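Inspection log for the structure reproduced underneath, given as structure tokens.
For the numbers below, each heavy atom of this structure counts, side chains included, while hydrogens, waters and symmetry mates do not. These numbers were taken from a predicted model, which means no experiment stands behind them.
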Amino acid sequence: MTDTPPTNEKRTKVRTLRVVDDIWEPYKAVCKRDNTDATNDLLTHVGRRILTSGTPEEIERYKAGVAQQQERRSRVIGAHKKSADD
């Protein structure tokens, strides 16, 4: 048996969202026209909800999460650029 780190240490957890195709496909098309994707659009909405209705503690946790997510994305983007340069 190999020791693997918990998922949240290496990668962002995948969340399940159930949406019928007749909602999801038009939503993806709208996001594409708006030059975004579903993930970024949903994260923007989640952030607005927290900033509007969250407690001070929830807002601080959200801000910490945004910083963590940006750091993770910069590592992934940096890794992709490094691989492309090889």
Under 4.5 Å between side-chain heavy atoms, hopping through other hydrophobics if needed: is there a path connecting L17 to V20?
yes
When rounded to the nearest 0.5 Å, the distance separating CG of N40 from CG of D34 is 12.5 Å
With sequence neighbours excluded, residues passing side-chain hydrogen bond (donor to acceptor under 3.5 Å, both in side chains) with E58
T55
Short N-O contact, E57 and R61, less than 4.0 angstrom
no
OG1 of T12 to CD of Q69, rounded to nearest 0.5 Å, is 6.0 Å
Any donor and acceptor pair, going by atom type alone, linking the side chain of S74 with main-chain N or O of E71 inside 3.5 Å?
yes
Hey, could you give me the CZ/OH distance between R49 and Y62, rounded to the nearest 0.5 Å?
13.0 Å
Checking Y27 now: which residues fulfil side chain to side chain contact (heavy atoms under 4.5 Å, CB included) with it, not counting sequence neighbours?
W24, C31, A38, D41, L42
Could you grab the distance from atom CG of L51 to atom CD1 of I59, nearest 0.5 Å is fine?
6.0 Å
Value rounded to 0.5 Å, distance of OG1 in T36 from NZ in K28:
13.5 Å
Is it the case that over 12 heavy atoms from other parts of the model lie below 6.0 angstrom from the CG atom of D22?
no
